Amino acid sequence: MGWGSSRPLGGGCGRNPIFLTGPAITVVFVLLALLSPRIAPHDAADNPLIDKVSRQNNPIPGPEPGFPLGGDDSGRDLLSRLLVGSQQTLLVGVFATLFGLAGGLTPGTTAGAFGGWVDSVVMRIVDVMLSIPSLLLAVSISAPAARPSQWTVIIAVAVVRVPIFARLLRGSMLAQRGKDHVLAARALGVKRSAIILRHMLPNSLGPVIVRATLVLATAIIDAAALSFLGLGNPDDSKPEWGQMLGQAQQYIYDNPHPAFYPAACIIVVALGFTLMGESLREALDPKSRR
């Protein structure tokens with residue numbers, strides 16, 4: 001029996017539980033984020049446990065009936081804030097990735113389609129941006145903002161992603177330049193703009209979209225880091241996991257659980273998107289099918 005007829009797509013990814021773990025985590029996270037306002041047991045801004053908070057004896061209320069994870073130092077339900085925070089984390093990660101992808105389309109397409117000195121100029125700018133550590137660049141962009149907000153985090157994280165998408169798209173576009181359908185279109189006298197937009201760009205987006213799932217994982221981590229450093233939304237009535245992690249640091253030695261839960265959520269969700277991106281890459285890359 002031939003190789004192509006016997007092997008499933010992605011070299012058996014569908015039968016490998018590791019490749020199912022990523023999509024499963026991602027689906028659960030997205031569902032929780034979308035449904036969080038309805039399934040959260042309490043309002044994330046209310047403080048029903050405030051009478052249990054004592055700065056000297058009990059700064060962090062522990063678990064009790066109706067509050068399985070306990071509360072924070074303001075008497076707010078930790079479980080409700082984690083659920084609502086998942087929505088904010090998803091919004092920041094998705095918007096930052098989409099804006100980064102949109103920002104990388106123009107330089108990546110231009111460099112890959114024209115080549116020559118245009119490619120050299122664009123790629124040198126991209127190389128400079130990539131030479132700066134991503135978190136340091138994001139902090140440098142968001143720190144000067146007069147009023148930190150969720151949008152300053154989104155913009156900062158998106159700018160960091162622009163050179164990643166630009167370089168990847170440029171490589172895909174260069175690979176398309178020598179394809180038969182592109183050469184045939186040139187021989188027929190099709191305009192360069194039409195060749196780029198109709199033949200090269202659509203066929204170059206596949207690897208970029210797959211990479212976007214991996215970039216989304218790092219975008220969530222960087223966004224949480226900015227919020228942890230106090231560069232995110234200062235309004236804690238709209239919780240975000242990085243913000244919650246930063247607020248819990250002053251009590252971490254005696255009461256580590258308010259920091260543990262948001263940190264664990266960030267790690268698990270980033271792992272889910274990473275595994276999902278790897279499974280997509282394995283499924284779509286013929287070289288990985290063994």
Side-chain angles (χ1 to χ4, degrees), residues 6-42 44 63 68-69 77-101 134 153-154 157-158 161 164-165 168 205-225 227-228 238-245 257-290:
S6 62
R7 299 292 293 178
L9 182 62
C13 290
R15 297 178 300 187
N16 190 336
I18 295 179
F19 290 103
L20 297 178
T21 302
I25 294 174
T26 303
V27 169
V28 171
F29 168 61
V30 172
L31 288 177
L32 287 176
L34 294 176
L35 299 175
S36 60
R38 295 180 178 272
I39 63 178
H42 303 278
L69 300 184
D77 178 38
L78 192 57
L79 176 60
S80 299
R81 291 180 64 78
L82 283 173
L83 290 172
V84 175
S86 67
Q87 189 175 72
Q88 301 301 316
T89 301
L90 177 64
L91 288 175
V92 172
V94 169
F95 277 113
T97 302
L98 289 178
F99 290 166
L101 175 58
S134 61
V153 173
I154 291 174
V157 176
R161 266 72 204 160
I164 298 175
F165 288 118
L168 182 59
L205 288 177
V208 179
I209 294 174
V210 171
R211 181 63 183 271
T213 58
L214 298 172
V215 171
L216 183 55
T218 57
I220 289 175
I221 294 175
D222 284 353
S227 296
F228 174 82
K238 296 180 179 179
E240 192 271 335
W241 289 344
Q243 176 198 76
M244 294 175 62
L245 183 58
H257 66 277
F260 171 78
Y261 291 124
C265 289
I266 293 170
I267 293 171
V268 171
V269 169
L271 176 63
F273 280 110
T274 300
L275 291 178
M276 186 177 70
E278 289 294 332
S279 65
L280 287 174
R281 184 183 62 81
E282 292 278 349
L284 297 176
D285 186 4
K287 296 180 181 179
S288 65
R289 301 175 192 173
R290 299 184 176 90

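These numbers come from the heavy atoms of this one structure, side chains and all, not from hydrogens, waters or symmetry mates. We count residues from 1, following the sequence as given. Please read all numbers here as calculations on a predicted model, not as lab measurements.
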task: Please assess Ile164 against Leu168 for the test side-chain contact (heavy atoms from CB on, under 4.5 Å), listing each intermediate value before the final yes or no.
output: CA-CA 6 Å; Ile164 298 175; Leu168 182 59; 5.8 Å; no

- prompt: What is the minimum heavy-atom distance between Leu20 and Pro23, and which atoms define it?
  reply: O-CD, 3.6 Å

Those residues that, when tested against Asp77, pass salt bridge (charged side-chain N to carboxylate O under 4.0 Å, His left out) (two or more places apart): none

query: Is the backbone of Ile209 close enough, under 3.5 Å, to the side chain of Thr213 for a donor and an acceptor to pair up by distance?
result: no

query: Tell me, do Ser80 and Pro41 make a side-chain contact under 4.5 Å, heavy atoms counted?
result: yes

message: Using 0.5 Å steps for rounding, measure from the CD1 atom of Ile221 to the OG1 atom of Thr89.
response: 11.5 Å

query: If you take all heavy atoms of Pro258 and Leu78, which pair is closest and at what distance?
result: CA-CD2, 3.9 Å

field: Ser134 versus Asp222, closest heavy-atom pair with distance
entry: OG-OD2, 3.6 Å

query: Roughly how far, to the nearest 0.5 Å, is the CD atom of Glu240 from the CZ atom of Arg81?
result: 11.0 Å

query: Hey, what do you get for CG (Leu79) to OH (Tyr261), rounding to the nearest 0.5 Å?
result: 9.5 Å

message: Students often mix this up, so state it plainly: with edges at 30° and 60°, are the rings of Phe95 and Phe99 parallel, tilted or perpendicular?
response: tilted

task: Calculate, to the nearest 0.5 Å, the distance between atoms CG and CG belonging to Leu90 and Leu34 respectively.
output: 6.5 Å

- request: Hey, can you tell me if Trp241 and Phe29 have their rings parallel, tilted or perpendicular (30° and 60° cut-offs)?
  value: tilted

message: To the closest 0.5 Å, what do you measure between OG (Ser86) and CG (Leu91)?
response: 9.5 Å

- prompt: Taking all atoms of both residues into account, what is the closest heavy-atom pair of Val269 and Ile220, and its distance?
  reply: CG1-CD1, 3.8 Å

query: Hey, does the side chain of Ser227 reach the backbone of Gly242 with a donor-acceptor pair shorter than 3.5 angstrom?
result: no

message: How long is the straight-line distance from CG of Leu271 back to CD of Glu278, given to the nearest 0.5 Å?
response: 11.0 Å

query: Looking only at heavy atoms, what is the nearest atom pair of Leu82 and Leu69, with distance?
result: CD1-CD1, 3.6 Å

- request: Kindly give the heavy-atom pair with the smallest separation between Ala219 and Gly93, and that separation in Å.
  value: CB-O, 4.2 Å

